[in-house]
Amino acid sequence: MKQRVSALLREKIGREVVLEKPRDRSFGHFATPIAFSLAKELRKSPMIIADELASSFESSEFFSKVEAVKGYLNFRLSEDFLAEYASWALKNSSEFAKQEKNQKILLEFVSANPTGPLHIGHARGAVYGDTLYRLAKHLGYDITAEYYINDAGNQIDLLGLSIQLHARENLLDETVEYPESYYRGEYLEGLSRDAMEKFGVEIFHDESRQKELALWAKDEVMKIIVKDLGDLNIAFDTFVYESTLYDDWDRVMQKMGSGIYKKDDKVWIASEAKGDEKDRVVVREDGRPTYLAGDIVYHNQKFERGYDHFINIWGADHHGYIPRVQAAIEYLGYDSKKLEVLLSQMVSLLKDGEPYKMSKRAGNVILMSDIVEEIGSDALRFIFASKKSDTALEFDLAEFKKQDSSNPIFYIQYAHARIQTLLAKSELSYADIMDASLKNLGENADTLLFDALLLPEVVEDAFNTRQVQKLTDYLKSLAASLHKFYYDVRMIGTDDEAKLLKLMLMVALSIKTGLSLMGIQAKDKMSKED
RNA sequence: GCGCUCGUAGCUCAGCUGGAUAGAGCACUGGUUUGCGGUACCAGCGGUCACACGUUCGAAUCGUGUCGGGCGCACCA
């Protein structure tokens, strides 16, 4: 809808105009302050310009009213247009809010090390990424969700060592000494037992078999991670293993040409010249590549695979890392602007106003799976999607366990369930309802209809700005409009029953579609457990 | 110290390509609905948009500076 209004204005005025939704609905559906910016160029008062523009729209069947108020230009869409649009959407419900964008995108997210289960910080990036993925798919982008598995480097050795130590202490009752850093947590219990069964106890004492143990364990850990993500309705299209990339290192190094040089028996990348703080080591004296080397090969591989755009979601603590990767991309001969890095900030949890306790059992982190168990996947997804991802977030679990309007996911689901109840209660058939006209419903119904039809705009806006909270905000406000309408208007048994239920169908479609874009299934009934 | 980022109601947060009286939820106070579902709705309370200066017809929004919080500043991943 908005696109059409914008297009009309562009045609008429000859430039891109700012379109907004007035807070006060009596001003119409859309409004623009364009006359203010034109005032200076045209040397005329904004009021006069707005008046002239308004009268030039008089003949359009698209609008029922275009008026100039204090320099603003306000548009009211015609009833015919809204009614037709809604009828189309209901008949083609799977197409609603969809588009056909022609762009190939690679979205990399989560990419947590395969050394332990996901914690709450990972969950935020995971939800953010998956929501963007769903939005992009709906908009018709050719998008691939990818997980980069860091299965090379120190952390893998540390995983092997951690299992050995855990097993010796807990399975074999030995006294062991832990190094400064090692992995801990309940998952080691299962890994130790399985390892004992598979390899026998000798492997826990043999330092030379640490690697073997670790390589087996990281696959086991990945199974846990994939399952945890599955519980959040998150799935990946592709997995890339860091360990498989290094064969390509020599070729990639050559490809970077002058971006790479040797000094002090090490290999460096001249990233400072490309905006980084300083040059970075990519191969150490002993010939082992650094983490950055892996990322360079990986990004080269990404670009060689041929995408139009790349999105990475990283933890905010990696923000300093961006310039060096961009530098590498440029030395490789690609446009670093094609790589977009989105940051996902810290999360801190409260429970009934108190800081959520990290459990020793979990290894002093808050496990994602614990939170999912506590409040459910839907609530967790909703919380993380509803806040800007790049600012720190603090939230209270208690709020999401309540069964009333203070819990936004309950509130929205309840709106959807209410509509389903109405439909079940009505004697009218689906065909009767679909045949009804959505016209002459009155002011309140028109407003609700308009709100329900805004979903396509919201979906596109949320994806383009990478701000998925626009979708959750929209659903909250649509649910609020529905609840208010439900309170004000009796529908069953009235003359307008068919019309009103058609309106309800439209609202339900928007809610259901919106929720599904967040990986949440709309409910037809509220059950006490949820 | 340098870089990034944030500072909006008692709390958690929207709003930030400059635009109509600064919004939501929670909390608090009062009212309406007892049924189409456990509910939900309405109203009130509450703000020097951290502070200062600047740009502009117009600044929460842009710029500069100050203060305060977070994160980062590895040949770790």
Side-chain angles (χ1 to χ4, degrees), chain A residues 16 18 20 22-24 26-27 31-37 39-40 45-46 69-72 74 111-113 115 148 150-156 158 181 242 264-268 276-286 288-295 315-323 343 345-346 348 350 353 383 386-388 390-396 398-399 402-408 410-411 414-415 417-426 465 467 469-470 472-473 476-477 479-480 482-493 504 525-528 530:
Chain A
E16 215 43 62
V18 178
E20 50 197 35
R23 201 174 298 284
D24 185 342
S26 67
F27 288 134
T32 176
I34 184 69
F36 289 97
S37 20
K40 200 177 262 176
S45 108
V69 181
K70 294 195 296 189
Y72 288 87
N74 298 335
S111 297
N113 286 342
T115 53
Y148 178 51
N150 296 119
D151 61 343
N154 291 342
Q155 82 279 7
I156 288 297
L158 209 54
S181 65
E242 182 187 0
D264 304 336
D265 293 326
K266 300 171 214 174
V267 180
W268 300 70
D276 195 7
E277 282 172 35
K278 55 184 174 190
D279 290 354
R280 310 284 173 175
V281 173
V282 287
V283 182
R284 303 173 178 94
E285 283 168 285
D286 59 10
R288 282 157 52 234
T290 62
Y291 181 76
L292 179 59
D295 247 344
D317 53 345
H318 284 58
H319 68 78
Y321 197 76
I322 299 171
L343 298 176
Q345 265 285 6
M346 310 271 296
S348 44
L350 298 175
I383 299 161
S386 63
K387 308 293 179 191
K388 250 192 327 206
D390 59 355
T391 56
L393 162 71
E394 186 176 84
F395 75 94
D396 196 320
E399 191 185 332
K402 289 192 206 154
Q403 301 286 295
D404 57 42
S405 63
S406 68
N407 176 352
F410 175 89
Y411 186 73
Y414 186 49
R418 272 187 146 171
I419 293 171
Q420 303 311 315
T421 307
L422 283 179
L423 293 168
K425 237 173 184 122
S426 170
T465 59
Q467 299 190 348
Q469 80 274 9
K470 293 192 177 193
T472 58
D473 286 350
K476 275 191 267 188
S477 89
L482 184 276
H483 284 305
K484 177 165 168 50
F485 191 77
Y486 185 94
Y487 178 85
D488 289 339
V489 180
R490 176 136 196 129
M491 290 173 250
I492 301 290
M504 290 299 106
K525 273 186 180 157
M526 302 306 287
S527 60
K528 267 216 167 92
D530 296 318

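Numbers restart at 1 for each chain; the letters A, B, ... are given by sequence-line order, proteins then strands. Side-chain atoms are counted along with the backbone in the values below, which use heavy atoms only and exclude waters and symmetry mates.
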> Nearest heavy-atom pair of Pro323(A) and Asp276(A): which atoms, and what distance?
Replying inline: CB-OD1, 3.8 Å
>> With a cut-off of less than 4.0 Å, is there a side-chain N or O of Thr391(A) near OP1 or OP2 of rA14(B)?
In response: yes
>> Using a 4.0 Å heavy-atom cut-off, does Leu343(A) contact any base of the nucleic acid, only the sugar-phosphate backbone, or nothing at all?
In response: nothing
>> Applying a 4.0 Å non-hydrogen cut-off, can you work out what Arg288(A) is touching in the nucleic acid: base, sugar-phosphate, or nothing?
In response: nothing
>> At less than 3.5 Å, do the side-chain atoms of His319(A) and the base atoms of rC71(B) form a donor-acceptor pair?
In response: yes
>> When both hydrogen-bonding distances must be under 3.5 Å and the geometry is Watson-Crick or G-U wobble, what is rC62(B) paired with, if anything?
In response: rG54(B)
> In the structure shown, which nucleotide is the Watson-Crick or G-U wobble counterpart of rC4(B), with both distances under 3.5 Å?
Replying inline: rG70(B)
> Does rG15(B) have OP1 or OP2 sitting under 4.0 Å from an N or O in the side chain of Lys470(A)?
Replying inline: no
> With both distances under 3.5 Å as the test, what is the Watson-Crick or G-U wobble partner of rG25(B)?
Replying inline: rC11(B)
> Taking the side chain of Arg418(A) as its heavy atoms from C-beta onward, which of rA20(B), rC41(B), rU39(B) lies nearest to it?
Replying inline: rU39(B)
> If the P atom of rG1(B) is compared with that of rA59(B), how far apart are they to the nearest Å?
Replying inline: 33 Å
>> Any side-chain to backbone donor/acceptor pair from Asp286(A) onto Arg288(A)? Under 3.5 Å, distance only.
In response: yes
> Can you check the Met346(A) CE to rU5(B) P distance for me, whole Å?
Replying inline: 18 Å
> Considering only the C1' atoms, how many Å lie between rU34(B) and rA40(B), rounded to the nearest integer?
Replying inline: 11 Å
> Are Asn113(A) and rA77(B) close enough that a side-chain N or O sits under 4.0 Å from OP1 or OP2?
Replying inline: no
> Tyr321(A) has a side chain; which of rA77(B), rU33(B), rC36(B) sits nearest to it?
Replying inline: rA77(B)
> Closest to the Asp317(A) side chain: rC36(B), rC71(B), rG15(B)?
Replying inline: rC71(B)
>> If I take atom CD1 in residue Ile419(A) and atom C1' in nucleotide rA40(B), what distance separates them, rounded to the nearest angstrom?
In response: 14 Å
>> Please pick, from rA74(B), rG15(B), rU12(B), the nucleotide with the shortest atom-to-atom distance to any side-chain atom of Lys278(A).
In response: rA74(B)
>> Between rA22(B) and rA9(B), how far apart are the two P atoms, rounded to whole Å?
In response: 14 Å
> For the pair made of CZ in Phe410(A) and P in rG38(B), what is the distance, rounded to whole Å?
Replying inline: 10 Å
> Roughly, in whole Å, what's the span from CG in Asp390(A) to C1' in rA14(B)?
Replying inline: 13 Å
> Looking only at atom P, what distance separates rG70(B) and rG38(B), rounded to whole Å?
Replying inline: 47 Å
> Of the candidate nucleotides rC41(B), rA14(B), rC36(B), which contains the atom at the shortest distance from the side chain of Asp473(A)?
Replying inline: rA14(B)
> What is the ring orientation for Tyr414(A) with Phe410(A), classed by angle as parallel under 30°, tilted 30 to 60°, or perpendicular over 60°?
Replying inline: parallel
> Short question: side chain of His483(A), backbone of Tyr411(A) - any donor-acceptor pair under 3.5 Å?
Replying inline: yes
>> Over all strands shown, is Gln469(A) touching base, sugar-phosphate only, or nothing at heavy-atom distances under 4.0 angstrom?
In response: sugar-phosphate
> Glu394(A) has an atom CD; how far is it from atom P of rA14(B), in whole Å?
Replying inline: 13 Å
> Has the side chain of Asn74(A) got a donor or acceptor atom sitting under 3.5 Å from an opposite partner on the base of rA20(B)?
Replying inline: yes
> Would a 4.5 Å heavy-atom cut-off, applied to side chains only, mark Tyr486(A) and Ile419(A) as touching?
Replying inline: no
> Any side-chain N or O of Arg490(A) less than 4.0 Å from the OP1 or OP2 oxygen of rC36(B)?
Replying inline: yes
> So does Asp390(A) pair up with Lys388(A), basic N to acidic O under 4.0 Å?
Replying inline: no
>> Does Val489(A) reach a base, just sugar-phosphate, or nothing at all? Heavy atoms under 4.0 Å.
In response: base
>> With rounding to the closest Å, how many angstrom separate the P atoms on rG65(B) and rC13(B)?
In response: 28 Å
> How is Glu277(A) classified with respect to the nucleic acid when contacts are heavy atoms under 4.0 Å: base, sugar-phosphate, or nothing?
Replying inline: sugar-phosphate
>> Under 4.0 Å, heavy atoms only, any strand: does Phe36(A) hit a base, just the sugar-phosphate, or nothing?
In response: base
> When the distance from NZ of Lys525(A) to P of rU39(B) is rounded to whole Å, what number comes out?
Replying inline: 18 Å
>> Expressed as a whole number of angstroms, how long is the span from Glu242(A):CD to rA77(B):C1'?
In response: 8 Å
> Where the side chain of Lys387(A) is concerned, which of rC13(B), rA77(B), rC41(B) is the nearest nucleotide?
Replying inline: rC13(B)
> Is Gln467(A) touching bases, backbone alone, or none of the nucleic acid, heavy atoms closer than 4.0 Å?
Replying inline: sugar-phosphate
>> Judged by each residue's nearest nucleotide on RNA chain B, which is more toward the 5′ side, Val69(A) or Asp264(A)?
In response: Val69(A)
> How far does the C1' atom of rC16(B) sit from the matching atom of rU8(B), given to the nearest Å?
Replying inline: 11 Å
> Using a cut-off of less than 4.0 Å, is there contact between a side-chain N or O of Tyr411(A) and OP1 or OP2 of rC26(B)?
Replying inline: no
>> Say we look at rC71(B) and rG54(B): how far apart would their P atoms be, to the nearest angstrom?
In response: 35 Å
> In Å, rounded to the nearest 0.5 Å, how long is the span from CG of Asn150(A) to CD1 of Ile156(A)?
Replying inline: 8.5 Å
>> Measure NZ/Lys388(A) against P/rU12(B) and give the value in whole Å, please.
In response: 15 Å
>> Say we look at rG15(B) and rC57(B): how far apart would their C1' atoms be, to the nearest angstrom?
In response: 23 Å
> Between Gln420(A), Arg418(A), Met491(A), which is the residue that forms a side-chain contact (heavy atoms from CB on, under 4.5 Å) with Met504(A)?
Replying inline: Met491(A)
>> If you assign each of Lys425(A) and Lys484(A) to its closest nucleotide in RNA chain B, which residue comes earlier from the 5' end?
In response: Lys425(A)
